[in-house]
Number of protein chains: 2
Amino acid sequence: MQAPDETMLERMENLLKIAGDFTRLKILYAIMDGEKSVGEIQEEAGVSQSLASHQLRVLKEANLLSMRKEGKKVYYVLADNHVRDLLEVVYNHVSEENL
Amino acid sequence: MQAPDETMLERMENLLKIAGDFTRLKILYAIMDGEKSVGEIQEEAGVSQSLASHQLRVLKEANLLSMRKEGKKVYYVLADNHVRDLLEVVYNHVSEENL
DNA sequence: GTTAAATATGAACAAATTTTCATTTAATGC
DNA sequence: GCATTAAATGAAAATTTGTTCATATTTAAC
C-alpha cells in the first residue's frame with residue numbers, strides 16, 4: 001500500500017492529536033446527541049468554564065465542531081458524522097483490547 | 001448517547017494520542033503491507049535508528065504492533081486490522097476536508 | 001574471545017500541550 | 001447608564017512529548 005503524502009499525513013496527525021485528549025473526548029461525547037450551549041457542555045464534561053471554552057475553540061478550529069450564537073449563549077454541534085465514525089472505530093478497538 | 005466510562009475514554013485517548021504522531025504514522029504505513037525489520041522501517045519512514053526504535057516501542061506497548069526476532073533482526077507487524085480501519089477512517093475524513 | 005551488525009536504552013534538551021487564573025467582551029434586562 | 005450572565009481570551013505555570021546523542025545489549029561470524 002502506498003502511504004499518503006506528507007500533507008495528508010500531517011492532516012491525519014492533526015486530527016488524531018486533536019481527538020486524542022481526555023477533555024476534548026468528553027466534550028465531543030457531551031454533544032453527540034445534538035447541540036449544547038457552552039454552559040451545558042462544561043457541566044456535562046465536568047470541566048471549568050475556561051477550559052471548556054479553550055478546548056471548544058481547538059475543536060472548532062479543527063472543523064470538528066460548528067457553532068451558533070443565540071442571545072448570550074453559544075451552541076456547539078458536531079460538524080459532521082466523520083467524528084462519530086472515528087470515535088466509534090476507536091471505541092471498538094479499545095473495547096476489544098484484552099488487558 | 002451514553003458516553004463511555006472514564007476507563008474507556010482514557011484508553012481511547014491513549015490510542016488516539018499514539019496514532020497522532022507524524023513519525024509513528026509513517027512507521028505504521030511502512031508496515032501496512034506486512035512485517036519489516038527495524039532497518040527497513042527506519043529507511044522507509046526516513047527516521048534515525050534511535051527514533052525508529054523508540055517509536056516502535058511506543059507502538060508496541062500500545063499493542064498496535066507485534067514483533068518477532070530472527071537472528072540479529074527484529075521484525076514488526078501491525079497487531080491487527082483495527083489499526084488499518086482507524087487509519088482508513090482518519091484518511092477519509094481528511095481527504096474530504098475542504099480547506 | 002574479538003569484531004561487526006542490528007536493535008534497544010537512558011539521559012538530556014527542546015518544543016509543544018494542557019490547565020489555571022485573572023481579565024475582558026458581548027448580550028440582556030432593569 | 002449599571003448589573004448580571006455567558007463565553008472568550010491571554011499569559012503563566014505545569015506537564016507531557018518528541019528527538020538526539022551517546023552508550024549498551026544481542027546475535028552471529030570469524
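Letters A, B, ... are given to chains in the order of the sequence lines, protein chains preceding strands, and every chain is numbered from 1.
You'll find the side chain of A:Gln42 stays beyond 4.5 Å of the side chain of A:Ile27, heavy atoms only. Residues B:Glu35 and B:Tyr76 fail the side-chain proximity criterion, which asks for heavy atoms closer than 4.5 Å.
For the pair A:Gln55 CD and C:dT20 C1', the interatomic distance rounds to 12 Å; values are reported in whole Å. For A:Glu10 and C:dA16, the CD to P distance is 13 Å, given to the nearest whole Å. The distance from atom CG of A:Leu56 to atom C1' of D:dA7 is 10 Å, rounded to the nearest whole Å. Counting to the nearest Å, the C1' atom of D:dT17 and the NZ atom of A:Lys17 are 9 Å from each other. Straight-line distance from the CZ atom of A:Arg68 to the P atom of D:dA8: 14 Å, rounded to whole Å. The separation between B:Asn14 atom CG and D:dT16 atom P is 13 Å, rounded to whole Å.
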B:Tyr29/B:Leu87 under side chain to side chain contact (heavy atoms under 4.5 Å, CB included): CA gap, chis, key distance, verdict: CA-CA 9 Å; B:Tyr29 275 105; B:Leu87 294 186; 3.8 Å; yes
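For the segment residues 36-48 of chain A, residues with any heavy atom less than 4.0 angstrom from an atom of DNA chain D are, sorted by number, A:Ser37, A:Val38, A:Gly39. Remark: nothing in residues 20-35 of chain A comes within less than 4.0 Å of DNA chain D through any heavy atom.
Listed by chain and number, the residues in a side-chain hydrogen bond (donor to acceptor under 3.5 Å, both in side chains) with A:Ser37 are A:Glu40 (sequence neighbours excluded). Under the side-chain hydrogen bond (donor to acceptor under 3.5 Å, both in side chains) criterion, B:His82 pairs with A:Glu96, not counting sequence neighbours. Contacts of A:Glu10 classified as side-chain hydrogen bond (donor to acceptor under 3.5 Å, both in side chains), with partners at least two apart in sequence or in another chain: none. Looking at residues two or more places apart in sequence or on another chain, you find a salt bridge (charged side-chain N to carboxylate O under 4.0 Å, His left out) between B:Glu70 and B:Arg68. For A:Glu13, the side-chain hydrogen bond (donor to acceptor under 3.5 Å, both in side chains) test picks out A:Lys17, with sequence neighbours left out. Evaluation of the salt bridge (charged side-chain N to carboxylate O under 4.0 Å, His left out) rule for A:Lys26 yields no partner, not counting sequence neighbours.
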Do any side-chain atoms of residues 43-59 of chain B form donor-acceptor pairs under 3.5 angstrom with protein atoms, and if so which ones, sequence neighbours left out?
unit_1  : atom_1 : unit_2  : atom_2 : d
B:Glu44 : OE1    : B:Lys36 : NZ     : 3.3
B:Ser48 : OG     : B:Leu51 : N      : 3.1
B:Gln55 : OE1    : B:Arg24 : NH1    : 2.9

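OP1 or OP2 of C:dT9 sits under 4.0 Å from a side-chain N or O of B:Arg57. At C:dA6, none of the side-chain N or O atoms of B:Tyr76 fall inside 4.0 Å of OP1 or OP2 (strictly under the cut-off).
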Nucleic acid footprint by protein, nucleotides 21-30 of chain C - heavy-atom cut-off 4.0 Å, B for base, S for sugar-phosphate alone: BB----BS--
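Pairs of residues two or more places apart, or lying in two chains, never qualify as salt bridge (Lys or Arg N to Asp or Glu O under 4.0 Å) while including a residue from residues 72-94 of chain B.
As judged by a 4.0 angstrom heavy-atom cut-off over every strand, A:Tyr75 is placed among residues making no nucleic acid contact.
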